[in-house]
Amino acid sequence: MEILKRDFYERNTKIVARELLGKILVHRLPEGNLTGKIVETEAYFGNGDPASHASRGKTPRNSVMFGPPGYAYVYFNYGMHYLFNVVTDKDGVPGATLIRSLEPLEGVNFMFQRRGVKELKFLTNGPAKLTQAFEINISHNGLDLTGEEIFICNDETKVSDIVSAPRIGISTGKDEILRFYIKDSQFVSKKAVDV
DNA sequence: GTACTGATACTCT
DNA sequence: GAGTATCAGTACT
């Protein structure tokens, strides 16, 4: 396994979102490592993407999206949930990939403890769930993902079928196909209706 | 099995 | 002061 370098992230958001599928997210904690395979992502741009926080220009909240790639953009919303994004594209170009769901690998017991659910498939099958399970919060906003604490690794296993679908949970900009997930995974938050 | 609703606090207008 | 890239629980079919 190899940690993804900055140049992986420094590409078009849509490409990065698609290629992040099957990669391994790692969070190092004193209690042990938490790891999970990325099975669902969504791409968010800046200009021309009404659903993106960056569409209305740069603000203190979303400034990370405008910065260099390979950093964490953690955003708090709905009064109780954190969402974990990976900043993509070049420095100065707004873009981020929302990690929507993971397949838990290491540290499952810790995640059960954090989440208080009984079934494995409910641990991380949603963007706010995985941040809770992985102990990610606003203090990780702007963290370097090529560093030591939180990072993403390449995995040898091949990704099977990748499905593209409209994004979820937003009120505008639904028409574009910017969500990607692994077809066979049990951990995808919501699958598209049959085409 | 699906559908609806309330909880909650932070950010931008 | 309104809106939000959500979740979990309840009430139905």
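Computed from a predicted structure; not experimentally measured. Values below: all heavy atoms of this structure, side chains included; hydrogens, waters and symmetry mates excluded.
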Answer yes if the side chains of A:N33 and A:T35 hold a donor-acceptor pair under 3.5 Å, and no otherwise. no
Distance check needed: [N] [atom2] versus [X] [atom1], whole Å only.
{"X": "A:H81", "N": "C:dT4", "atom1": "NE2", "atom2": "P", "result": "15 Å"}
{"X": "A:F180", "N": "C:dA5", "atom1": "CZ", "atom2": "P", "result": "19 Å"}
{"X": "A:L130", "N": "C:dC7", "atom1": "CG", "atom2": "C1'", "result": "13 Å"}
{"X": "A:F76", "N": "B:dT11", "atom1": "CZ", "atom2": "P", "result": "9 Å"}
{"X": "A:R61", "N": "C:dT4", "atom1": "CZ", "atom2": "C1'", "result": "8 Å"}
{"X": "A:K129", "N": "C:dG9", "atom1": "NZ", "atom2": "P", "result": "10 Å"}
{"X": "A:N85", "N": "C:dA5", "atom1": "CG", "atom2": "P", "result": "11 Å"}
{"X": "A:D175", "N": "C:dA5", "atom1": "CG", "atom2": "C1'", "result": "16 Å"}

Hey, is CZ on A:R6 packed in by over 12 heavy atoms from elsewhere, all under 6.0 Å? yes
In this structure, are over 12 heavy atoms from other groups packed under 6.0 Å from A:E176 atom CD? no
So, OP1 or OP2 of [N]: does either fall under 4.0 Å of a side-chain N or O from [X]?
{"X": "A:S171", "N": "C:dT4", "result": "yes"}
{"X": "A:R100", "N": "C:dT6", "result": "yes"}
{"X": "A:H53", "N": "C:dA5", "result": "yes"}
{"X": "A:R115", "N": "C:dA8", "result": "yes"}
{"X": "A:T59", "N": "B:dT11", "result": "no"}

Might you work through the side chain to side chain donor-acceptor pair (under 3.5 Å) test for A:E103 and A:S185, ending with a clear yes or no? CA-CA 8 Å; A:E103 175 182 338; A:S185 177; 4.6 Å; no
Just to be sure I understand the rule, does [X] reach a base, reach only the sugar-phosphate, or reach nothing, if contact means heavy atoms closer than 4.0 Å?
{"X": "A:F122", "result": "nothing"}
{"X": "A:I170", "result": "sugar-phosphate"}
{"X": "A:A51", "result": "base"}

Is any side-chain heavy atom of A:F110 closer than 4.5 Å to one of A:E135? yes
Ring stacking, A:Y78 with base of B:dA7, under 5.5 Å and under 30°? no
Tell which nucleotide pairs with B:dT8, taking only Watson-Crick or G-U wobble pairs whose two distances are both under 3.5 angstrom. none
Partner of C:dC12 by Watson-Crick or G-U wobble geometry, both contacts under 3.5 Å, or none? B:dG1
What's the closest nucleotide to the side chain of A:M80 if the choices are B:dA7, C:dT6, B:dC12? B:dA7
